[in-house]
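Residue numbers begin at 1 in each chain, while the letters A, B, ... track the order of the sequences.
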There are 2 protein chains.
Amino acid sequence: MPTISDVAARAGVSTATVSRALNGKATVDPELAARVRQAATELGYQPNGPARNLRRQEAAVVALIISDVENPFFTAIARGVEDIAHEVGYSVVLCNSDESAEKENRYIDIALQERVAGVILSPSGPAAGVAKLAARGTAYVAVDRPLPEHDSDVVLVDTRLAAAQATAHLIAQGYERIGCVTGPAGVRTADDRLAGYRDALRTAKRRTSTRLVRRSEYKAVGAHRAAVDLLSQPEPPDALLVANNAMAVGVLQALQELGRRPGRDVGVVAFDDAPWAELLDPPLTVVAQPAYEIGTEAARLLLARIADNTRPPTVTTLGARLIDRASSHR
Amino acid sequence: MPTISDVAARAGVSTATVSRALNGKATVDPELAARVRQAATELGYQPNGPARNLRRQEAAVVALIISDVENPFFTAIARGVEDIAHEVGYSVVLCNSDESAEKENRYIDIALQERVAGVILSPSGPAAGVAKLAARGTAYVAVDRPLPEHDSDVVLVDTRLAAAQATAHLIAQGYERIGCVTGPAGVRTADDRLAGYRDALRTAKRRTSTRLVRRSEYKAVGAHRAAVDLLSQPEPPDALLVANNAMAVGVLQALQELGRRPGRDVGVVAFDDAPWAELLDPPLTVVAQPAYEIGTEAARLLLARIADNTRPPTVTTLGARLIDRASSHR
DNA sequence: TTGAAAGCGCTAACAC
DNA sequence: GTGTTAGCGCTTTCAA
């Protein structure tokens with residue numbers, strides 16, 4: 001593989017000039033620059049990234065550590081991040097932490113080792129790894145979930161409010177016993193959505209009961225079990241707030257198996273819109289989160305912090321939108 | 001940020017010993033090794049990746065370039081690749097080429113520059129970039145679509161056969177005028193699925209007609225348009241073979257808008273299974289591709305090729321499975 | 001505007 | 001079993 005010296009030899013200049021020419025520095029004679037570019041093309045020269053990063057002490061790469069590649073909410077964030085990062089010449093590497101603090105930690109180590117310019121992550125629980133980022137002075141921003149122990153830039157959705165609105169919507173539609181299927185305790189979005197649900201019940205002067213609440217992993221299987229459990233009680237709920245998209249699949253499956261029709265028998269509102277939500281019968285009412293915008297905003301904040309790590313941390317809160325379809329109507 | 005010499009100083013040994021100890025070489029006194037590890041921990045030492053990669057002339061990283069992060073088929077492949085790569089200590093970086101040959105090319109350049117150990121990609125059309133990989137001797141394997149010009153390792157699905165079986169299934173269910181909504185011309189899977197569809201028609205001695213075939217991007221909007229177009233003809237199809245998951249959403253939307261019920265009015269079989277396929281009314285008949293296995297197999301081939309680039313190229317073809325649900329029954 | 005040369009942090013060949 | 005040292009390919013002073 002040709003190196004910068006091969007290019008220099010072929011163009012009849014020094015390696016310094018090649019470096020300057022190829023990096024678009026203004027201080028190089030246009031004629032020489034052209035000769036260098038030509039030599040580079042002829043040789044099929046590809047700069048050696050590790051050598052460059054070693055010298056520069058930083059790679060033009062941002063790491064995006066998300067908790068589930070198969071969740072459309074996170075892939076939409078990824079697109080947002082990519083679009084902004086690419087505009088300014090940064091590459092994005094996607095890492096899938098799979099909701100495991102250990103994998104997250106491992107990816108943070110890799111990011112640190114590779115000397116990436118910054119990290120965007122959706123933290124899985126109390127993140128020990130993040131402390132290392134802070135200690136090393138690597139720029140980072142949290143998305144979807146805050147980092148309780150650290151004050152960094154954060155991009156959130158006002159998910160508590162959104163959950164309250166969704167619940168209020170179910171109340172307004174005349175449902176009497178509204179239940180909630182949310183994520184694991186300790187996962188901030190799961191707790192917030194539950195809190196919002198309770199807010200709305202309290203506002204409407206309804207009794208809240210732990211008998212109407214179930215938690216599980218943010219996955220279909222857990223939610224399926226939770227829903228079956230809830231609905232086979234003596235006094236089952238007549239409506240359900242479901243805390244994410246994958247869980248909605250599990251809940252709807254359970255309803256199907258138990259012969260309960262969404263809307264008529266059990267009102268359903270789920271977090272996260274999906275292209276297939278409209279195709280269901282009845283179509284699924286959802287709380288749509290601005291995932292792509294979370295990504296673009298996070299990327300902008302990260303770039304700002306890479307440029308200046310002393311700027312005060314910010315909290316950006318975006319709103320969610322209730323999309324009222326038929327599954328929340330009797 | 002502490003370097004290897006800091007660790008060496010603190011442990012009272014040379015940098016060579018630190019390197020050996022931290023890389024688990026057997027030739028180092030256990031007691032020294034322990035001292036080194038301790039010193040490293042105390043300092044919070046993180047090896048400098050670029051320096052290591054520069055020296056080793058290769059990074060323990062494989063790049064996975066997929067054509068659509070938002071397509072569950074590709075994210076499932078990604079999981080397969082990750083699981084195998086991590087077993088042997090390789091990291092995986094995911095790149096989203098977005099079906100654009102230009103972005104694909106760009107990511108191949110980055111992979112080359114970063115000196116990754118290997119590349120797995122689902123090629124978007126005739127890939128100029130791949131020639132560079134071959135020229136540089138970087139290991140690579142293609143998934144989902146072959147590389148016509150290059151003989152490399154490839155992991156494919158026998159998608160033509162699967163399409164033929166799906167079409168035969170529709171014929172067996174008594175549908176008379178079966179149409180096909182497939183991807184862009186030149187995209188191998190799109191062409192193969194169309195060819196399989198025609199195979200089945202021919203086998204059944206049915207006339208094939210271009211009036212029953214539409215092509216679009218592998219996206220919902222294009223498929224929606226295609227379906228509306230097909231179904232508003234004087235002699236519309238009474239069944240449809242749809243070439244991927246996102247397209248199925250578009251087609252089903254169109255059916256809904258036109259007041260045609262899947263199955264009873266228009267039989268539907270779509271490629272790629274999805275968790276929501278069972279939730280539809282009627283549930284969607286699909287051709288399930290072994291995406292996760294494609295990923296694991298591709299990763300294994302890549303690792304073998306990294307170890308020995310002279311091994312003869314292989315073609316691995318996996319089978320798909322028709323999951324018969326109600327959308328393909330009257 | 002250009003070139004010579006130092007040095008980023010690590011690994012491995014070589015010497016002991 | 002351990003240390004010394006060269007050098008991976010690049011960028012960036014510094015000097016001319």
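Rounded to whole angstrom, the span from the CG atom of A:D6 across to the P atom of D:dG9 amounts to 9 Å. Following rounding to the nearest Å, A:L54 (CG) and C:dT11 (P) show an atom-to-atom distance of 12 Å. In this structure, the CD atom of B:E58 is 16 Å from the C1' atom of C:dC10, given to the nearest Å. Rounding to whole angstrom units, OH of residue A:Y45 and C1' of D:dG9 are separated by 7 Å. Protein atom CD of A:Q113 is 10 Å distant from nucleotide atom P of C:dT11, rounded to whole Å. Note: CG (A:L22) to P (D:dT12) measures 14 Å, nearest angstrom. Per the geometry, CG belonging to B:N23 stands 9 Å off C1' belonging to C:dC10, to the nearest Å. To the nearest angstrom, P of D:dC10 lies 11 Å from CD of A:Q46.
Using modelled atom types and a 3.5 Å distance limit, the side chains of A:N71 and A:Y218 yield no donor-acceptor pair. Side chains of B:E58 and B:N53: no donor on one and acceptor on the other come within 3.5 Å. A:D98 and A:S100 form no side-chain donor-acceptor contact under 3.5 Å, judged by distance and modelled atom types alone. Of the N and O atoms on the side chains of B:S67 and B:S124, not one donor lies less than 3.5 Å from an acceptor on the other residue.
Side-chain proximity of A:A16 to the nucleotides D:dC10, D:dC8, C:dG3 is greatest for C:dG3. Residue B:V13 places its side chain closer to D:dG3 than to any other of D:dG1, C:dG9, D:dG3. For B:A51, the side-chain atoms get nearest to C:dC10 when compared with the rest of C:dC10, C:dG3, D:dG3. For A:L32, taking side-chain heavy atoms from C-beta onward, the closest of the listed nucleotides C:dT2, D:dT11, C:dA4 is C:dT2. Of the candidate nucleotides D:dC10, C:dC10, C:dT2, C:dC10 has the atom lying nearest to any side-chain atom of B:P47. Side chain of A:R20, nearest nucleotide from D:dT13, D:dC10, D:dT5: D:dT13. Of the candidates D:dC10, C:dA5, C:dG9, D:dC10 carries the atom nearest the A:I4 side chain, counting heavy atoms from C-beta on. Minimum atom distance to the side chain of B:N48 is reached by C:dC10, of the listed D:dG9, D:dC10, C:dC10. Set against C:dT11, D:dG3, D:dC8, the side chain of B:S14 has D:dG3 as its closest nucleotide. Picking from C:dT2, C:dG9, D:dT2 the nucleotide with the shortest atom distance to the side chain of B:R55 gives C:dG9.
Nearer the 5' end of DNA chain D, as judged by each residue's closest nucleotide, is the contact made by B:P30, out of B:P30 and A:V18.
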- Message: Assess the residue pair A:T314 and A:L301 against the criterion (side chain to side chain contact (heavy atoms under 4.5 Å, CB included)); give the C-alpha distance rounded to whole Å, side-chain angles, the decisive distance to 0.1 Å, and a yes or no.
- Response: CA-CA 9 Å; A:T314 61; A:L301 287 169; 3.6 Å; yes
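Contact annotation for B:P50: no contact, since no heavy-atom pair falls under 4.0 Å across all strands.
Across all non-hydrogen atoms, the minimal contact from B:A291 to B:I77 is O-CG1, 3.5 Å.
Residue B:Q57 places none of its side-chain N or O atoms closer than 4.0 Å to OP1 or OP2 of D:dG7. Phosphate proximity of C:dT2 to A:T17: absent, as no side-chain N or O sits under 4.0 Å from OP1 or OP2. Regarding contacts with the backbone of D:dG9, every side-chain N or O of A:T3 stays at 4.0 angstrom or more from both OP1 and OP2. Phosphate proximity of D:dG1 to B:T27: absent, as no side-chain N or O sits under 4.0 Å from OP1 or OP2.
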